[in-house]
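Since this is a predicted model, take the numbers as computed values, not measurements. Every number for a ligand or one of its atoms is a count from 1 in the order of the listing. Below, all heavy atoms of this structure are taken into account, side chains as well, without hydrogens, waters or symmetry copies. Index from 1, following the sequence.
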Amino acid sequence: MRTITINTLQTMKAQGEKFAVLTAYDASLAHFICEAEVEVILVGDSLGMVIQGHDTTLPVTTEQVAYHTAAVKRGVKRSLVIADMPFMSYSSEQQALDNATVLMQAGAQMVKLEGGDWLCDTFYLLSERGIPTCAHLGLTPQSVNKFGGYKVQGRDADNAQQILDDALALQDAGADLLVLECVPTQLAREITNALSIPVIGIGAGPDTDGQVLVVYDMLGITPQRTPKFTKNFLLEHEDIPSALQAYVEEVKNGTFPAEEHSYK
Ligand code: KIV
């Protein structure tokens, strides 16, 4: 695999070629994920749940994401590394700039922020300062208490329109990528077609430009019940490298996610 940059992902979108994304939190798994030719590795704040054992991502700090980003980066040669900005680490523009700097200096090549058009000035500022950004809309887990649980978003017309408007506004403000989490397939398709930047789905159906899963979920090492949008690829494969390869193949040939992993 060539070294992946944001330009690679834009070209893949333009050519209708799907790309694969997985989370990672340590150098060893990141190495195997990169060797399986997963284009993008996300050091997600999901580490609060799958590594630290919390119920939500809220307790995660910038220093913890920076620690895991540095570890992941040491295991990766060619995949693009994105680091999550944790809960309340971007509540003002200056705070966002300071914390994004910490993550970029730890080895991230892009930072991801959850939220809608209220973040436009922040995306503009980071972008202007040379920090690539990924937006995250739909079910944004840092707002779980506002949503009253981990619920599918964008099912009614007003909410769907709001998510589309937010996506367009964040793209205009400089976002380089968008993650769409737990939205109906049809809305994800509409947003993917409306945006020029690549869109990555999780529980968003098969029509986004890329797919992301939490690596612990797709290797079956999540003790709790997993959401319907995940799939345990280790069940049908004998070792971790083969399971990772199967994930990449199924994302690229469009067999994952299937209808059973998607929402109407
Ligand atoms: O934290 C995370 O792992 C994420 C993905 C689920 C998109 O944000």
Per-atom contacts, ligand 1 versus [X] - under 4.0 Å to a heavy atom:
{"X": "Thr23", "result": "3 (O)"}
{"X": "Gly44", "result": "1 (O), 2 (C), 3 (O)"}
{"X": "His136", "result": "8 (O)"}

Point to revise | Under 3.5 Å donor-acceptor, Gln171 side chain and Ser196 backbone | key: yes
Starting from [atom], what is the nearest protein heavy atom, named by residue and atom, and what distance separates them?
{"atom": "atom 6 (C) of ligand 1", "answer": "Ile202 CD1, 3.7 Å"}
{"atom": "atom 2 (C) of ligand 1", "answer": "Ser46 OG, 3.3 Å"}
{"atom": "atom 7 (C) of ligand 1", "answer": "Leu42 CD2, 3.8 Å"}
{"atom": "atom 8 (O) of ligand 1", "answer": "Lys112 NZ, 2.9 Å"}

Check your understanding: Considering distance alone, does some N or O of Glu181 sit under 3.5 Å from an N or O of ligand 1?
Key ->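 Among all N and O atoms of Glu181, none is under 3.5 Å from an N or O of ligand 1.
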Check your understanding: Closer than 4.0 angstrom: is that true for some heavy atom of Glu114 and an atom of ligand 1?
Key ->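 No; Glu114 lies far enough from ligand 1 that no heavy-atom distance drops under 4.0 Å.
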Point to revise | Aromatic ring pairing Tyr263/Phe229, orientation class (parallel under 30°, perpendicular over 60°, tilted between) | key: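 Tyr263 and Phe229: perpendicular rings.
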Practice item. Measure Asp84 to ligand 1 on non-hydrogen atoms and call it side chain, backbone, both or neither using the 4.0 Å cut-off. Key: side chain
Check your understanding: Looking only at heavy atoms, is any part of Asp45 under 4.0 Å from ligand 1, and if so is it the side chain, the backbone, or both, or is it neither?
Key -> both
Is the closest side-chain donor-acceptor distance between [X] and [Y] under 3.5 Å?
{"X": "Thr8", "Y": "Thr5", "value": "yes"}
{"X": "Thr23", "Y": "Tyr216", "value": "no"}
{"X": "Glu249", "Y": "Asn253", "value": "no"}
{"X": "Gln94", "Y": "Asp98", "value": "yes"}

Check your understanding: Should the heavy atoms of other residues, nucleotides or ligands under 6.0 Å from CD of Gln95 be counted, would the total exceed 12?
Key ->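 Enclosed.
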Check your understanding: Among Asp45, Asp84, Thr57, Thr56, which residue meets the side-chain hydrogen bond (donor to acceptor under 3.5 Å, both in side chains) test with Gln142?
Key ->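 Only one option passes, and that is Asp45.
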